[in-house]
Protein chains: 2
Amino acid sequence: MSDHYHHGNLRQALIDAGVKIINESGEENLSLRKVAALCEVSHAAPYSHFKDKEELVEAIKAHVTGQFMTELEKAVSEASSAEKALVDMGRNYVAFFVRRPDYFKFLFSGQNIVAHIQPGKDYEEDYPPFVLLKETYQKYLAENKISRTKEEQEVDILKLWSSAHGLASIACMSGVEVSFDWEKKIATEELLR
Amino acid sequence: MSDHYHHGNLRQALIDAGVKIINESGEENLSLRKVAALCEVSHAAPYSHFKDKEELVEAIKAHVTGQFMTELEKAVSEASSAEKALVDMGRNYVAFFVRRPDYFKFLFSGQNIVAHIQPGKDYEEDYPPFVLLKETYQKYLAENKISRTKEEQEVDILKLWSSAHGLASIACMSGVEVSFDWEKKIATEELLR
DNA sequence: GCATCAATCTTTACACTGTCAAGTTTCGAG
DNA sequence: CTCGAAACTTGACAGTGTAAAGATTGATGC
């Protein structure tokens, strides 16, 4: 049995299997043993790569957050101005989760929003979507020669973030029809004046 | 053993025990068997009152949502105008969950936002906080003699709801300090013009 | 006052879960 | 070639939700 030991890249395989399970049968069916079975490996094998179920889940979250980030980055790179970038980031933020409500539930239904963000931690430095929002906002201030205090900036950023996140949350958790014409419901433009 | 059968009001006792467990050791420790044990009842007793663990959880959520509602109703009853009521509802919405982030996680971290709201269901009629928001918004339109189309109204309501919910979500899930001066961060006023 | 019945609760059992401890295989450094 | 560490297996355990079957109770009709 040369197959059974030293799988090759089991760590990544476990993460991929986790994503697959979530896609096919929802987060509630995500178990260590099923993930291991999908990789044709014994039920305790994951413990060689993750100390916990939690640690595997966080790794999967980081993976999904990666996909989410490429959506946000696309908005930034394709926008002609920083202001448009902010608006489009909001749109893509909601659009990503409207297409994948299961991902929303998975990412934001645990103890911590994502592995990067933990109560008391320095989320501002570590959580990629937040970093991108912050940078884009700064660029927006510079382009339009707007000067705001540190505190005003924090408030602005939080408003931008929470309006998109709130809409995504309601769309994903309540079955409200945001998928149709949801673009009108993004309040980013209003918040920027 | 006259004590062991016919508990009296086991259904409510189970709900209360569930709330107690969530308060003391978090949602992750909420199990049917612990709830039953707290009521000094066998581990299968809950099945006389709830068909599922899910059904018990939904009952607990409805109970907590009740407490949440009294907070929102207070904002409405104490406000001098409908416009102020809308603003204060937003404040109290966030304030409630800032004080009890565990409640936010519990209410909005499951399959369905609350028992009342289920994908495809008529959430508009059944979810008390939403009904209250809708009524107050209508009063606001009437008081200020504003006329808006059905669709514009839906968009407005969704913006109001999502801005408060988004801020609460970020406050509860990410450890961002919204507790201090969070009142400045409510965008309700801006959204009303 | 008594039998009966449905509701309520207990007991037992099962499959599934996360986790740990101990053993087995394999790779690679010395 | 050896041998230690890393990767994986096997076996076990407590805790979970749930179903089936039996026990107890209060209420109802006679």
Side-chain angles (χ1 to χ4, degrees), chain A residues 1-62 102 105-106 109-112 115, chain B residues 1-62 105-106 109-112 115 118:
Chain A
M1 312 277 178
S2 65
D3 283 351
H4 290 67
Y5 289 77
H6 289 82
H7 174 285
N9 192 358
L10 182 57
R11 192 193 143 90
Q12 189 58 44
L14 290 168
I15 294 175
D16 293 342
V19 173
K20 191 177 180 190
I21 289 181
I22 292 174
N23 284 339
E24 290 175 356
S25 47
E27 185 192 358
E28 64 274 11
N29 276 88
L30 181 67
S31 79
L32 272 183
R33 294 174 106 105
K34 283 177 190 162
V35 166
L38 255 186
C39 296
E40 288 175 316
V41 118
S42 87
H43 63 264
Y47 284 88
S48 298
H49 302 272
F50 306 97
K51 89 171 224 292
D52 248 346
K53 181 188 182 182
E54 172 116 17
E55 209 169 273
L56 169 61
V57 168
E58 296 300 342
I60 300 177
K61 283 187 181 177
D102 48 331
K105 289 170 197 161
F106 173 61
S109 292
Q111 298 280 58
N112 316 312
Chain B
M1 312 275 177
S2 65
D3 283 352
H4 288 67
Y5 289 77
H6 290 81
H7 174 285
N9 193 357
L10 182 57
R11 191 193 142 90
Q12 189 57 45
L14 290 167
I15 294 176
D16 294 341
V19 172
K20 192 178 180 189
I21 289 181
I22 292 173
N23 284 339
E24 290 176 357
S25 48
E27 185 192 357
E28 65 274 10
N29 275 88
L30 181 68
S31 79
L32 272 183
R33 294 172 107 105
K34 283 176 189 163
V35 166
L38 255 185
C39 297
E40 288 175 314
V41 118
S42 88
H43 64 263
Y47 284 88
S48 297
H49 301 272
F50 305 96
K51 89 171 224 291
D52 250 345
K53 181 187 183 183
E54 172 114 17
E55 210 170 273
L56 169 60
V57 169
E58 296 300 342
I60 301 176
K61 284 186 181 177
K105 289 170 196 161
F106 173 61
S109 291
Q111 297 280 57
N112 316 310
Q118 292 183 7

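Throughout, a chain's letter reflects where its sequence line sits, starting with A, and its residues are numbered from 1.
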Could you pull out the protein-nucleic contacts involving nucleotides 11-13 of chain D (nitrogen or oxygen on both sides, under 3.5 Å)?
residue, atom, partner, partner atom, Å
D/dG11, O6, A/His43, NE2, 2.7

- prompt: D/dA6 C1' sits how many Å from A/Arg11 CZ, rounded?
  reply: 15 Å
message: Expressed as a whole number of angstroms, how long is the span from A/Gln12:CD to D/dA7:C1'?
response: 17 Å
message: Pick the closest DNA chain D nucleotide for B/Tyr47 and for A/His49 by heavy atoms, then say which residue is nearer the 5' end.
response: A/His49
- request: Measure the spacing between CG of A/Leu38 and CG of A/Asp16 and express it to the nearest 0.5 Å.
  value: 10.5 Å
- request: Go through the structure and list residues passing side chain to side chain donor-acceptor pair (under 3.5 Å) with B/Asn23, not counting sequence neighbours.
  value: B/Arg100, B/Tyr103
message: Whole angstroms only, please: what is the CZ-C1' distance between B/Phe50 and D/dG17?
response: 15 Å
message: Without decimals, in angstroms, what is the distance between A/Lys53 NZ and C/dC20 P?
response: 15 Å
task: Give B/Lys51 one of three labels, base, sugar-phosphate or nothing, depending on what nucleic acid heavy atoms sit under 4.0 Å from its own.
output: nothing
- request: Taking only the side-chain nitrogens and oxygens of B/Lys34, find out if one of them lies under 4.0 Å from OP1 or OP2 of D/dG15.
  value: no
statement: Assign each of B/Ser42 and A/Leu32 the nucleotide of DNA chain C bearing its closest heavy atom; nearer the 5' end lies the nucleotide of B/Ser42
- prompt: Given side chains that start at C-beta, do those of A/Phe50 and A/Leu32 come closer than 4.5 Å, heavy atoms only?
  reply: no
message: Is the shortest side-chain heavy-atom distance between B/Phe106 and B/Val57 below 4.5 Å?
response: yes
query: Phosphate oxygens OP1/OP2 of C/dT17: is one of them under 4.0 Å from a side-chain N or O of A/Ser31?
result: yes
task: Measure from CG on A/Leu14 to P on C/dG18 and round the result to the nearest Å.
output: 13 Å
Partner set under side chain to side chain donor-acceptor pair (under 3.5 Å) for B/Glu55, not counting sequence neighbours: none
statement: In whole angstroms, the gap separating P of C/dG18 from CG of B/Asn29 amounts to 16 Å
Euclidean distance, A/Ile21 CD1 relative to A/Leu30 CG, rounded to 0.5 Å: 5.5 Å
query: Tell me: CD of B/Glu55 to P of D/dT18, nearest whole Å?
result: 11 Å
- line: Smallest heavy-atom separation, B/Gly18 atom then B/Ile60 atom, equals CA-CD1, 3.7 Å
message: Does B/Ser48 reach a base, just sugar-phosphate, or nothing at all? Heavy atoms under 4.0 Å.
response: base
